[in-house]
Engineer: 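Could you have a look at this structure, given as structure tokens, before my questions?
Reckoned from all heavy atoms, side chains included, excluding hydrogens, waters and symmetry mates.
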Amino acid sequence: MSIYDTPTMGERIQGNSYVGRGIVVGESADGKNAVFAYFIMGRSENSRNRVFIPNGKEYVIHPFDASKVEDPSLIIYSPVRLCGDAVVVTNGDQTDTVVEFMQQGKSFEQALETRCFEPDAPNFTPRISAVLFPGADYTYKMSILKSADAAGSACNRYTFNYKALAGVGHFIHTYNHDGNPIPTFTGEPERVSIPNDIDVFTQDIWNNLDENNKISLIVRYIDKESGACEDRMINKNK
């Protein structure tokens with residue numbers, strides 16, 4: 001399959017009012033860059049009251065208006081952290097768990113064995129995570145931890161391992177679409193095309209996320225040879 005047979009991110013998300021939080025990982029079409037994107041959406045005032053803030057080559061989420069914070073436990077975390085040359089991207093404080101385990105010489109999978117979905121019944125929001133290992137032999141992993149049933153009685157854990165392919169990425173998100181409760185993402189991460197131009201990719205995602213529910217987006221292209229990074233960040237709250 002060529003990249004031209006693979007949907008763009010815009011085509012994947014267009015018209016879907018609520019896919020929740022999403023991670024995209026892949027490689028630029030010219031094979032030169034390891035790529036990731038992370039976005040957040042929100043329906044409540046508490047969820048929408050957030051911005052991404054860079055912290056060196058890492059990112060943290062802060063409240064836009066601290067006076068309006070109702071419950072910071074599931075909305076304030078570090079979505080992007082580094083562990084040596086590896087990059088960890090997640091939708092919750094499991095970012096810190098993964099980095100701590102990897103610093104101890106343990107694996108991405110071992111770290112996530114200690115975590116489960118979020119305790120936000122009745123949605124039981126899945127925890128989605130990714131780790132990139134940029135370089136000449138670029139590989140990446142993605143994971144989702146989700147409730148086994150409507151009662152949240154058990155956690156199912158799924159990990160997907162990828163050898164990077166030029167122009168190809170994979171997209172995992174917390175929800176299939178809006179609802180009450182919100183239906184959890186199902187199936188494997190969705191295949192998407194990754195262009196060479198970071199601005200084209202950034203705008204394709206941001207312009208096709210639902211206008212009412214989108215909050216913030218980070219995109220990074222990492223040169224596989226030099227390790228140099230180029231980032232784009234958009235916050236709806238300014």
Side-chain angles (χ1 to χ4, degrees), residues 21-28 31-40 52-62 72-119 124-148 154-166 168-174 185 188-189 194 218-231:
R21 285 164 274 177
I23 300 172
V24 189
V25 183
E27 185 173 273
S28 59
K32 294 181 178 180
N33 294 287
V35 175
F36 78 79
Y38 178 63
F39 65 79
I40 58 175
F52 288 158
I53 297 177
N55 178 27
K57 291 185 178 181
E58 301 182 333
Y59 284 86
V60 294
I61 296 177
H62 279 204
S73 62
L74 295 177
I75 65 167
I76 307 301
Y77 55 92
S78 297
V80 178
R81 289 193 60 192
L82 304 182
C83 183
D85 293 330
V87 184
V88 179
V89 186
T90 91
N91 74 327
D93 64 9
Q94 73 268 26
T95 316
D96 298 332
T97 306
V98 172
V99 170
E100 288 166 9
F101 270 64
M102 290 176 61
Q103 287 173 339
Q104 297 168 16
K106 299 179 182 178
S107 68
F108 179 69
E109 292 87 348
Q110 285 175 304
L112 294 172
E113 281 289 334
T114 70
R115 304 302 303 268
C116 70
F117 51 84
E118 295 180 1
F124 299 116
T125 299
R127 291 189 186 272
I128 55 174
S129 309
V131 60
L132 293 72
F133 301 99
D137 188 30
Y138 170 36
T139 62
Y140 56 95
K141 299 181 180 182
M142 306 184 85
S143 165
I144 184 167
L145 314 179
K146 59 184 182 179
S147 179
C155 180
N156 290 341
R157 296 176 173 85
Y158 304 87
T159 304
F160 306 89
N161 299 288
Y162 298 102
K163 175 70 176 74
L165 297 174
V168 175
H170 292 90
F171 171 40
I172 193 166
H173 41 104
T174 50
F185 177 86
E188 296 183 11
I194 306 288
I218 305 162
V219 177
R220 175 173 293 171
Y221 277 45
I222 307 165
D223 187 291
K224 290 165 49 181
E225 289 189 6
S226 69
C229 298
E230 186 174 8
D231 285 19

Engineer: Can you measure from OH (Y140) to CZ (F133) and round to the nearest 0.5 angstrom?
Structural biologist: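 Here the rounded value is 13.0 Å.
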Engineer: Rounded to the nearest 0.5 Å, how far does CD1 of I61 lie from CZ of F52?
Structural biologist: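 Result: 4.5 Å between the selected atoms.
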Engineer: Could you verify whether a donor N or O on one side chain and an acceptor N or O on the other, from R127 and Q94, lie under 3.5 Å apart?
Structural biologist: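 Indeed, the side chains of R127 and Q94 share at least one donor-acceptor pair under 3.5 Å.
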Engineer: State whether the side chain of Y158 and the backbone N or O of M142 hold a donor-acceptor pair below 3.5 Å, judged by distance alone.
Structural biologist: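 No, the answer is negative, given that no donor and acceptor are paired below the 3.5 Å cut-off.
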Engineer: Tell me, yes or no, whether the heavy-atom count around Q104 atom CD, taken from other residues, nucleotides or ligands under 6.0 Å, exceeds 12.
Structural biologist: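 Yes, enclosed.
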Engineer: Could you grab the distance from atom CD of Q110 to atom CZ of F101, nearest 0.5 Å is fine?
Structural biologist: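 The CD atom of Q110 sits 7.0 Å away from the CZ atom of F101.
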Engineer: Do V87 and K57 have side chains that get closer than 4.5 Å, going by heavy atoms?
Structural biologist: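 Side chain of V87 against side chain of K57, heavy atoms only: no contact under 4.5 Å found.
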Engineer: Atom CG of L132 and atom SG of C83: how far apart are they, to the nearest 0.5 Å?
Structural biologist: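 Rounded to the nearest 0.5 Å, the CG-SG separation comes out at 13.0 Å.
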Engineer: Name the atoms and distances for all side-chain donor-acceptor pairs under 3.5 Å in residues 31-40, with sequence neighbours left out.
Structural biologist:
{"unit_1": "N33", "atom_1": "OD1", "unit_2": "D223", "atom_2": "N", "d": "3.4"}
{"unit_1": "Y38", "atom_1": "OH", "unit_2": "Y77", "atom_2": "OH", "d": "2.5"}

Engineer: Would you mind checking if R21 and E118 are paired as a salt bridge, meaning a charged N to carboxylate O distance below 4.0 Å?
Structural biologist: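 A salt bridge is present here (some side-chain N lies under 4.0 Å from a carboxylate O).
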Engineer: Can you check whether N55's main-chain N or O pairs, donor with acceptor, with E58's side chain at less than 3.5 Å?
Structural biologist: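 No, E58 side chain to N55 backbone: no donor-acceptor pair under 3.5 Å.
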Engineer: Could you tell me whether R157 and E109 make a salt bridge, using a distance below 4.0 angstrom between a side-chain N and a carboxylate O?
Structural biologist: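 No, R157 and E109 are not salt-bridged.
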Engineer: Run Y162 and H170 through ring-ring contact (aromatic ring centres under 6.0 Å, His included) and show every step you take.
Structural biologist: CA-CA 9 Å; Y162 298 102; H170 292 90; 3.8 Å; yes
Engineer: Is it the case that more than 12 heavy atoms not belonging to D85 sit under 6.0 Å from its CG atom?
Structural biologist: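 It does not: D85 CG has 12 such atoms or fewer within range.
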Engineer: Verify, without hydrogens or angle tests, whether N91 (side chain) and P126 (backbone) share a donor-acceptor contact under 3.5 angstrom.
Structural biologist: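 Side chain of N91 to backbone of P126, a donor-acceptor pair under 3.5 Å: yes, one is there.
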Engineer: For the atom pair CG (D93) and CD1 (I76), what is the distance rounded to the nearest 0.5 Å?
Structural biologist: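 Reported to 0.5 Å precision, the distance equals 11.5 Å.
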Engineer: On a heavy-atom basis, which atom in D231 and which in Y59 lie closest, and how many Å separate them?
Structural biologist: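 That would be OD2-OH, 2.8 Å.
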Engineer: Just wondering, do T159 and L112 contact through their side chains at under 4.5 Å, heavy atoms?
Structural biologist: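 L112 does not reach T159 side chain to side chain.
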Engineer: Looking at CD1 of I194 and CZ of F171, how far apart are the two atoms once the value is rounded to the nearest 0.5 Å?
Structural biologist: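 Separation between the atoms: 11.0 Å.
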Engineer: Without hydrogens or angle criteria, can the side chains of T90 and S129 be said to hold a donor-acceptor pair below 3.5 Å?
Structural biologist: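 Side chains of T90 and S129: no pair found under 3.5 Å.
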Engineer: Less than 4.5 Å apart, side chain to side chain, heavy atoms only: is that true for V89 and V25?
Structural biologist: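 The answer is no, as the side chains (C-beta and beyond) never meet within the 4.5 Å cut-off.
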